[in-house]
Amino acid sequence: MIYDEEFETLPREALEALQLKRLKQVVMRAYHTVGFYKRSFDRTGIKPDDIKSLQDLSKLPFTTKQDLRDNYPFGMFAVPMSSIVRLHASSGTTGRPTVVGYTHRDIDTWSELMARCFVAAGVTKTDIIHNAYQYGLFTGGLGVHYGAERLGASVIPISGGNTKRQILILQDFGPTVICCTPSYALNLAEQGRAMGVDMASLRLRVGIFGAEPWSEEMRKQIENELNISALNIYGLSEIMGPGVAMECAEGREGMHIFEDHFIVETIDPETGHNLPPGEKGELVFTTLTKEAFPLIRYRTRDISRLILTPCRCGRTHIRMDRVMGRSDDMLIIRGVNIFPSQIEAILLEVKELEPHYQIIVDREGNLDTLEIQVEVSESFFDQADEVKVLQSLERRIQRDIKDYLGVTAKVKLVEPRTLQRSEGKARRVIDKRRIMA
Ligand code: DLL
């Protein structure tokens with residue numbers, strides 16, 4: 001099934017003509033309304049009029065997370081605040097989040113694209129959707145919510161957490177569709193089992209999972225445990241939120257990128273050069289229709305590959321493979337994006353600590369775990385003759401991490417000079433999860 005038959009099946013030529021028309025408009029608008037773009041285009045000597053073909057896009061400079069940070073909080077907005085109806089945010093590389101804004105029309109477009117995602121997954125207005133993505137600044141909750149309403153389905157805005165209650169609702173309300181992170185789906189399955197619930201006999205039939213990397217093996221496991229068809233959804237706050245790309249029930253191999261609204265490129269993350277279509281590299285997106293927050297050549301840092309073969313579902317939009325890694329050090333822990341630099345910034349504020357630390361990420365059962373080992377200073381160590389003192393410092397740091405980053409970490413203070421010193425690049429993060437391909 002296809003939600004927007006006309007736009008999702010546009011022949012390539014018509015699609016590219018539409019992209020070019022929209023690209024010229026967005027480049028012109030970004031240049032004249034956002035100071036950052038004017039400065040960055042001027043620096044490279046490019047004028048909006050130089051964009052005459054889709055190939056000319058690669059002449060434009062990239063936009064990075066650092067650029068968003070430099071223009072924090074609203075400096076990248078292309079409309080006055082009076083036209084902004086919604087703000088969302090995602091993790092920045094240090095303390096401050098990346099803020100995004102939406103006009104009425106942006107929310108409308110987003111809802112349409114999310115409705116496309118649901119239909120691609122075989123969802124209809126008769127479905128009941130259990131939306132366990134977090135509501136709040138994270139785009140998952142409200143993004144999925146508006147799309148489900150646009151389709152006309154019934155939404156249960158359960159949000160994240162409170163797992164036992166979720167199991168109850170899954171039993172009693174009989175939702176047919178579940179939306180959450182793939183790791184939370186497994187967590188729910190496990191909790192359900194522990195409560196003696198036969199999770200495979202619930203009414204659920206479809207799951208729409210994303211916001212963090214997952215593998216084919218995880219798909220099989222989720223499908224078996226919940227007796228559903230599990231599909232992949234991709235997105236990022238900067239570009240819109242969930243619904244930038246969606247796997248279809250017919251293809252089940254790669255996610256269609258809604259190319260009438262976004263142009264995708266793949267680049268070599270080291271050189272920034274465009275890669276031949278189909279090669280594995282970093283995804284770069286340009287938004288074609290966003291009003292409040294247009295992004296030109298935004299470097300996602302997500303590593304994937306484009307799938308060029310036509311899909312049996314009839315959609316002409318190109319597909320992207322599963323996200324296979326990141327070209328930066330961002331971690332996604334229980335669905336929360338975290339940069340090691342954010343943890344470092346918190347640790348450096350604590351005067352009893354030395355700047356030597358290690359972050360260990362693992363998975364116990366279906367839950368990501370985060371442990372931070374950090375050295376205490378010599379002087380603190382000499383004074384802290386009681387375990388109580390160390391434990392209270394551990395708790396304080398743990399609270400700071402939870403308050404600032406929204407995740408629970410196990411903090412382990414270690415003696416001065418016990419963590420391994422680097423002989424080059426410090427190996428700060430040990431990720432033992434091996435989720436990615
Ligand atoms: O995670 C938006 C979203 C919500 C997508 C719900 C899907 C479902 P951010 O918090 O800005 O936005 O995080 C974006 O998450 O750059 C990827 O690294 C990662 N990511 C998102 N979807 C997938 C996926 C939302 N399907 C970052 N597979 C992105 C792997 C994903 N990684």
Side-chain angles (χ1 to χ4, degrees), residues 64-65 68-69 87-93 97-100 102 110 113-114 116-118 120-121 129 131-148 159-160 177-185 207-216 218-219 222 230-247 252-258 262 264 269 282-285 293 295 298-305 319-339 342 368 405-407 431 433 435-437:
T64 64
K65 212 170 178 82
L68 307 191
R69 184 174 151 70
L87 296 167
H88 279 289
S90 77
S91 300
T93 46
T98 301
V99 185
V100 296
Y102 303 77
W110 189 11
L113 297 192
M114 270 309 309
R116 285 187 187 181
C117 295
F118 279 118
I129 300 175
N131 183 16
Y133 285 115
Q134 196 77 43
Y135 282 65
L137 283 178
F138 177 54
T139 50
L142 284 169
V144 164
H145 185 106
Y146 273 58
S159 193
V177 178
I178 181 162
C179 303
C180 60
T181 58
S183 59
Y184 193 62
I208 297 178
F209 304 119
E212 65 183 11
W214 54 313
S215 58
E216 268 316 304
M218 253 176 103
R219 159 138 65 191
I222 296 174
L231 296 169
N232 201 354
I233 183 167
Y234 171 85
L236 58 164
S237 329
E238 296 92 314
I239 298 302
M240 180 176 83
V244 173
M246 176 71 204
E247 204 168 46
R252 285 174 62 93
E253 198 205 341
M255 298 166 271
H256 291 280
I257 295 169
F258 297 121
F262 312 106
V264 63
E282 180 182 331
L283 299 182
V284 171
F285 282 97
F293 199 77
L295 274 179
Y298 184 67
R299 289 191 59 166
T300 63
R301 297 289 178 180
D302 287 322
I303 305 289
S304 184
R305 119 194 127 85
R319 284 175 287 169
M320 60 179 270
D321 206 339
R322 288 185 176 286
V323 174
M324 301 159 190
R326 299 265 315 166
S327 68
D328 64 6
D329 54 3
M330 186 180 90
L331 297 162
I332 306 185
I333 296 168
R334 275 171 255 144
V336 181
N337 302 353
I338 292 175
F339 289 92
Q342 294 177 290
D368 295 330
L405 305 181
V407 290
D431 195 337
R433 292 175 297 181
I435 319 163
M436 305 209 211

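Order of appearance sets the numbers: ligands from 1, and atoms from 1 within every ligand. Only a predicted model underlies this, so the values are computations on that prediction, with no experimental measurement involved.
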Exercise for the section: Determine, for E247 against R319, whether the closest basic-nitrogen to carboxylate-oxygen distance falls under 4.0 angstrom. Expected result: no
One thing to verify: whether R305 and D321 come together as a salt bridge, which I'm taking to mean a side-chain N less than 4.0 angstrom from a carboxylate O.
yes
Original post:
Backbone N or O of G141 within a donor-acceptor pair of the N131 side chain at under 3.5 Å?
Top reply: yes
Of all protein heavy atoms, the one nearest atom 10 (O) of ligand 1 is N337 ND2, 3.2 Å
In this structure, OH of Y184 is separated from CD1 of I222 (nearest 0.5 Å) by 13.5 Å
One finds that the ligand 1 atoms under 4.0 Å from a non-hydrogen atom of Y234 are 22 (N), 23 (C), 26 (N)
- Message: Between E282 and R299, is the salt bridge (charged side-chain N to carboxylate O under 4.0 Å, His left out) condition met? List the steps.
- Response: CA-CA 7 Å; E282 180 182 331; R299 289 191 59 166; 2.7 Å; yes
message = Could you check whether Y102 and H88 have their ring centres less than 6.0 Å apart?
response = yes
The option among F285, W214, F138, F209 carrying the non-hydrogen atom nearest to atom 4 (C) of ligand 1 is F138
Taking only non-hydrogen atoms of S90 and a 4.0 Å limit, the atoms of ligand 1 in range are 11 (O)
Quick look: V323 vs ligand 1, heavy-atom contacts under 4.0 Å, and the answer is side chain
Going by the 4.0 angstrom heavy-atom rule, the piece of T181 near ligand 1 is neither
Min over M324, M114, E212 of heavy-atom distance to atom 30 (C) of ligand 1 lands on E212
Nearest heavy atom to atom 12 (O) of ligand 1, choosing from P97, A211, S237, belongs to S237
When every non-hydrogen atom of L113 is compared with those of G243, the smallest separation belongs to CB-O, 3.9 Å
Can K65 and E238 be said to form a salt bridge (charged side-chain N to carboxylate O under 4.0 Å, His left out), step by step? CA-CA 9 Å; K65 212 170 178 82; E238 296 92 314; 2.9 Å; yes
N/O of D302 under 3.5 Å from N/O of ligand 1, yes or no? yes
For R326, the ligand 1 atoms with a heavy-atom partner under 4.0 Å come out as 16 (O), 18 (O)
Atom 25 (C) of ligand 1 has as its nearest protein heavy atom G235 O, 3.6 Å
In this structure, atom 19 (C) of ligand 1 is nearest to the protein heavy atom I332 CD1, 3.5 Å
Is the shortest N/O to N/O distance between I233 and ligand 1 below 3.5 Å?
yes
N232 heavy atoms within 4.0 Å reach ligand 1 at atoms 24 (C), 26 (N)
Test your reading of the model: is there a side-chain donor-acceptor pair from T300 to the backbone of L283, 3.5 Å cut-off? yes
Checklist entry - Is it true that W214 and F209 have ring centroids separated by less than 6.0 Å? => result yes
Atoms of ligand 1 under 4.0 Å from any heavy atom of Y133, numbered from 1 in the order shown, are 6 (C), 8 (C)
